[in-house]
Amino acid sequence: MAADVLFLEYPKCSTCQKAKKWLDAHGVTYADRHIVEDNPTADELRAWHERSGLPLKRFFNTSGMLYREMELSKKLPEMSEDEQYALLATNGMLAKRPLLVTADTVVPGFKEAAWEEALGA
């Protein structure tokens, strides 16, 4: 399996811990990145969003406290994509995690079937 896999996580997040165990159990070689200490840049987010083929909203942690405090469910529809990338780049806690980035695709969140498909595991 290719080692060009980037795994963005928040180590205290239980879903991230589960995803990491899954990667290890499947023998996936990956680079590990702390999504808060090393927050994705707007350019990275734009490239990943385009590679994912998913709606940009899927990259937001819609169940997170910060998302709710900022009332983003009301604000996002009014914002341009550039404004949304810039906002996501301000704080890793706004981003859906874990985030699996491969050469071909990007998968926000952890669903085993989607990760198996992305990694050919």
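Values in this document were obtained by computation on a predicted structure and should not be read as measured data.
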If you look at every heavy atom in [X] and [Y], which pair is closest and at what distance?
X: L66; Y: N91; answer: CD2-ND2, 3.3 Å
X: L87; Y: T90; answer: O-OG1, 2.5 Å
X: V106; Y: L99; answer: CG1-CD1, 4.0 Å
X: K96; Y: P108; answer: CG-CB, 3.8 Å
X: A114; Y: V107; answer: CB-CG1, 4.0 Å
X: P98; Y: A19; answer: CG-CB, 3.7 Å

Hey, does [Y] have a side-chain heavy atom less than 4.5 Å from the side chain of [X]?
X: P55; Y: F60; result: no
X: L56; Y: L45; result: no
X: K20; Y: D32; result: yes
X: W48; Y: V101; result: yes
X: Y85; Y: T41; result: no
X: I35; Y: P40; result: yes
X: L76; Y: Q84; result: yes
X: N61; Y: R97; result: yes

Are the side chain of [X] and the backbone N or O of [Y] linked by a donor-acceptor pair below 3.5 Å?
X: K75; Y: M70; answer: yes
X: E37; Y: H34; answer: no
X: E83; Y: S80; answer: yes
X: H26; Y: V28; answer: no
X: W115; Y: W22; answer: no
X: R51; Y: T102; answer: yes

Using the side chain to side chain contact (heavy atoms under 4.5 Å, CB included) rule, take S73 and Y67 through it: C-alpha gap first, then chi angles, then the decisive distance, then the call. CA-CA 8 Å; S73 60; Y67 182 91; 3.9 Å; yes
Starting from the C-alpha separation in whole Å, work towards a yes-or-no answer on side chain to side chain contact (heavy atoms under 4.5 Å, CB included) for R46 and E81. CA-CA 9 Å; R46 177 178 287 107; E81 281 197 348; over 6 Å; no
Spacing of [atom1] belonging to [X] relative to [atom2] belonging to [Y], to within rounding of 0.5 Å:
X: C16; Y: K21; atom1: SG; atom2: NZ; result: 12.0 Å
X: S52; Y: F59; atom1: OG; atom2: CZ; result: 3.5 Å
X: L94; Y: L72; atom1: CG; atom2: CG; result: 6.0 Å

Are Y30 and D24 close enough that a side-chain donor and a side-chain acceptor fall under 3.5 Å?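 There is such a pair (donor and acceptor under 3.5 Å, judged by atom type) between the side chains of Y30 and D24.
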Is any NZ, NE, NH1 or NH2 atom of the basic residue among R33 and E9 found under 4.0 Å from an Asp or Glu carboxylate oxygen of the other?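 Result for this pair is no, no salt bridge flagged.
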